[in-house]
Asks: 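Sending over a structure as structure tokens; questions will come in a sec.
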Amino acid sequence: MTAKTGTHRTPPTVLVLGATGKTGRRVVARLRDSGTATVRAASRSGEVRFDWTLPVTWDPALAGAEALYLVAPDDPSPVREFVQQAAASGVRRFVVLSGRSIEKEGLDFGQGMAAAGAAVQETGVEWTLLRPNNFFQNFDEDLWLAPLRAGRLGLPIGDMPEPFIDAEDVAEVAAGVLTADGDGHAGRVYDLSGPRALTFAEATRAIADAAGRPIRYEELTPAAYRAELLAGGWPEAAADALGAMFALHRAGHTSEVTDGVRQVLGRAPADLEPWARSVAARGVWA
Ligand SMILES: NC(=O)c1ccc[n+]([C@@H]2O[C@H](COP(=O)([O-])OP(=O)(O)OC[C@H]3O[C@@H](n4cnc5c(N)ncnc54)[C@H](OP(=O)(O)O)[C@@H]3O)[C@@H](O)[C@H]2O)c1
């Protein structure tokens with residue numbers, strides 16, 4: 001992908017969507033630290049303004065972009081038009097953040113990611129799909145942070161394990177694929193898991209041990225989980241999407257360890273326990 005000018009290589013311009021989010025901001029940091037790309041960091045509140053719901057922001061954000069890290073919106077409706085516009089404006093490589101098993105028939109979540117995967121495959125330019133498991137960072141930056149701090153994580157997943165992955169590994173894979181020379185990653189779908197599958201009870205125990213305080217995992221029925229989300233102020237649509245996500249996990253569709261990180265980076269993915277110790281040392285779950 002690196003453009004060649006005579007004997008000099010010009011780093012490609014990469015538009016990173018979701019650039020303030022858990023993977024996007026790590027992709028931005030890695031590309032900038034390595035000097036392998038000129039980065040345009042885009043989101044509603046990002047350096048470059050980009051809003052899926054405001055098509056007027058798309059063209060200015062795409063200016064000069066040759067490669068694109070695509071973090072899709074939940075609503076699939078704008079995705080195809082944007083992807084076509086991106087390809088028409090000069091994007092030659094799409095790296096799409098997707099999710100494990102979202103191709104399952106009749107899923108009630110992940111439609112934006114699925115639409116992005118389908119849209120890039122219509123463009124005729126290089127595309128790569130990254131399909132990670134749940135990120136470690138859901139425990140310290142997102143959904144499960146508040147419950148852990150409160151001392152109790154309640155979810156409807158039973159004993160089905162989940163091979164959680166470090167968003168740093170996802171970002172390193174994405175940055176590598178975005179800037180790789182040649183087309184070796186074109187048309188590839190990488191399922192990205194961590195090195196071992198843990199139940200949520202085991203992950204909660206690892207975090208509690210690292211934090212040095214009692215935090216318990218409680219198994220909920222899907223109905224009880226939904227009731228808790230609604231009581232906590234979550235909109236119905238979000239509660240439905242989370243319920244559908246846990247149904248997918250519960251059915252075992254995302255529970256197997258994969259070797260996607262090793263395929264791209266040639267090394268094992270990070271383990272949850274040392275990560276939990278380093279996060280706990282910052283007092284995040286205190
Ligand atoms: N979290 C996981 O464990 C996980 C695992 C597998 C796949 N995924 C998938 O990864 C994607 C991102 O999820 P995440 O949890 O990582 O999200 P996240 O960290 O919350 O990041 C979301 C990003 O999207 C931006 N954004 C939100 N609304 C936007 C809009 N209307 N227009 C433009 N940008 C917008 C946000 O920035 P602004 O607020 O500044 O706009 C933010 O940078 C989702 O498709 C999710 O299904 C997540």
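Indexing begins at 1, ligand by ligand and atom by atom, following the structure's order.
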Asks: Considering only the protein, which heavy-atom contact is closest to atom 18 (P) of ligand 1, and what is its distance?
Replies: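 That would be K22 NZ, 3.5 Å.
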
Asks: Select one of side chain, backbone, both or neither to describe which atoms of D74 lie under 4.0 Å from any atom of ligand 1, heavy atoms only.
Replies: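 The answer is neither; D74 stays 4.0 Å or more away.
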
Asks: ring-ring contact (aromatic ring centres under 6.0 Å, His included) with F135: which residues, sequence neighbours excluded?
Replies: none

Asks: For atom 13 (O) of ligand 1, is the nearest protein heavy atom closer than 4.0 Å?
Replies: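 Protein heavy atom within 4.0 Å of atom 13 (O) of ligand 1: absent.
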
Asks: Quick test: of every protein heavy atom, which one is nearest to atom 1 (N) of ligand 1, and how far off is it to 0.1 Å?
Replies: N138 OD1, 3.1 Å

Asks: Would you say A19 contacts ligand 1, with heavy atoms under 4.0 Å as the rule?
Replies: yes

Asks: Where on A72 is there a heavy atom closer than 4.0 Å to ligand 1, on the side chain, on the backbone, on both, or on neither?
Replies: backbone

Asks: Enumerate the atoms of ligand 1 whose separation from the nearest heavy atom of F50 is less than 4.0 angstrom.
Replies: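 Here the atoms of ligand 1 in question are 32 (N), 33 (C).
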
Asks: Would N133 count as a contact of ligand 1 if the rule is a heavy atom under 4.0 Å away?
Replies: yes

Asks: With salt bridge (Lys or Arg N to Asp or Glu O under 4.0 Å) as the criterion, how do R100 and E162 come out once you've worked through the C-alpha distance, each side chain's angles and the decisive distance to 0.1 Å?
Replies: CA-CA 11 Å; R100 291 283 301 276; E162 169 75 5; over 6 Å; no

Asks: Could you work out, for atom 7 (C) of ligand 1, the closest of S98, A114, S43 by heavy-atom distance?
Replies: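 Shortest heavy-atom distance from atom 7 (C) of ligand 1: S98.
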
Asks: Name the closest protein heavy atom to atom 45 (O) of ligand 1, giving the residue it belongs to and the distance to 0.1 Å.
Replies: M113 CG, 3.4 Å

Asks: Which residue holds the protein heavy atom closest to atom 21 (O) of ligand 1, what is that atom called, and what is the gap in Å?
Replies: G21 CA, 3.4 Å

Asks: Please list the nearest protein heavy atom to atom 40 (O) of ligand 1 with its residue and the distance rounded to 0.1 Å.
Replies: S45 OG, 2.5 Å

Asks: Who pairs with A206 by side-chain contact (heavy atoms from CB on, under 4.5 Å), at least two apart in sequence or on another chain?
Replies: L272, E273

Asks: Identify the closest protein heavy atom to atom 41 (O) of ligand 1: which residue and atom is it, and at what distance?
Replies: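 Residue, atom and distance for the closest contact: R44 NE, 2.7 Å.
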
Asks: Regarding atom 16 (O) of ligand 1: of the candidates F164, F109, F135, W52, which has the closest heavy atom?
Replies: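 Selected option, by shortest heavy-atom distance: F135.
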
